[in-house]
Amino acid sequence: MKSLYENEMKLEFLSKSNNEAFARVTVAAFAAQLDPTIEELSDIKTAVSEAVTNCIIHGYENTEGIVKIIARIFANTISIEISDTGKGIENVDLAKQPLYTSKGDLERSGMGFTIMESFMDEMQVESVLGLGTKVTMKKLIKKPENIENIIGNKSKISMRAD
Amino acid sequence: MRVNYLEKDKLLLVELTEEIDHCKTEELRRKIDYEIERYMPKKVIFDFNSVSFMDSSGIGFLLGRYRLATMLGGDLGIINVSKGTRKILEMSGALKVIPIYDNFKFAI
């Protein structure tokens with residue numbers, strides 16, 4: 001079957017908190033083929049970490065479930081879909097409010113969706129009570145052609161000086 | 001995590017050496033609260049020099065320790081914060097109460 005995308009990957013893992021690091025590092029490694037800057041890569045890792053943490057503590061409320069990630073690359077854009085089949089979100093608009101948390105007792109800051117929204121270019125939340133939640137995020141990786149030109153010129157200059 | 005207590009200045013220096021996410025904060029919280037309660041420091045300083053990653057779990061984690069330190073009559077600040085970590089803390093408003101120092105000597 002031919003994919004509509006230039007590249008695609010799927011990842012499924014148990015909703016254990018020590019898989020958070022595994023998930024963000026794996027997606028970052030997949031995103032690396034777009035040649036992102038360190039800052040862009042760090043943004044992606046943070047957004048993935050937020051979404052996966054939500055699946056584990058809110059979706060499954062620390063019970064066992066499967067977290068699913070699909071990442072796709074198409075024309076300098078990475079799209080990342082992170083979903084659970086947990087309890088779902090009653091009021092998505094409320095959940096997206098900065099500093100809103102349903103788990104203040106766990107020292108949660110309520111900044112998860114706000115961070116995903118601002119670190120990525122696009123974010124969408126679909127949720128059905130009792131069925132689960134899916135977060136879709138997109139980020140355009142800007143090709144640093146100008147920077148390459150500058151560095152290229154510099155290396156030529158230094159070679160001449162040598 | 002490495003902890004150093006400077007008796008003279010009543011300063012608790014906590015060097016964080018792990019990625020700060022939801023998985024790691026639970027254990028860190030337990031260990032650091034024990035140290036804060038044991039020493040009742042005038043100042044708690046978190047050194048972020050070896051922290052390569054932090055997500056929003058770090059916000060609640062820092063504010064929680066800030067609450068404990070101030071409740072016991074002390075204060076809390078952070079040093080060596082990366083651009084990414086600063087961005088997250090700024091966004092949440094945590095920097096309104098938690099100061100970033102240039103180094104730990106400035107904190108004294």
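Below, read A as the first sequence line, B as the second, and so on, with proteins coming before strands; counting in each chain starts at 1. Computed from a predicted model, the values in this text were never measured in an experiment. Just so it is clear, the values below take in all heavy atoms, side chains as well, and ignore hydrogens, waters and symmetry mates.
Interface residue A:Asp43: only side-chain heavy atoms are found under 4.5 Å from chain B. Heavy-atom distances place the side chain of A:Ile57, and not its backbone, under 4.5 Å from chain B. Looking at A:Ser118, only its side chain comes within 4.5 Å of chain B, counting heavy atoms on both sides. Of the atoms belonging to A:Ala47, not a single heavy atom falls under 4.5 Å from chain B. Using a 4.5 Å cut-off between heavy atoms, B:Lys83 touches chain A through its side chain atoms alone. At a 4.5 Å heavy-atom cutoff, the contact between A:Ser49 and chain B is made by backbone and side-chain atoms alike.
With A:Glu81 as the fixed residue, the salt bridge (Lys or Arg N to Asp or Glu O under 4.0 Å) test singles out one of A:Lys138, A:Lys68, A:Arg72: A:Arg72.
Without hydrogens or angle criteria, B:Tyr39 side chain to B:Leu11 main chain gives no donor-acceptor distance under 3.5 Å.
Ranked by heavy-atom pairs shorter than 4.5 Å toward chain A, the options B:Ser92, B:Gly84, B:Gly93, B:Gly58 are led by B:Ser92. Top candidate by heavy-atom pairs under 4.5 Å with chain A, chosen from B:Glu26, B:Glu19, B:Arg67, is B:Glu19.
Around the OH atom of B:Tyr5, the shell of radius 6.0 Å holds more than 12 heavy atoms that belong to other residues, nucleotides or ligands.
Cation-pi geometry between A:Lys16 and A:Phe22 is not met: the NZ or CZ atom fails to fall both under 6.0 Å from the ring centre and inside 45° of the normal.
A salt bridge between B:Asp47 and B:Arg2 is absent, with no side-chain N of the basic residue lying under 4.0 Å from a carboxylate O of the acidic one. Under 4.0 Å is where a charged nitrogen must lie from a carboxylate oxygen, and between B:Arg65 and B:Glu35 no such pair does.
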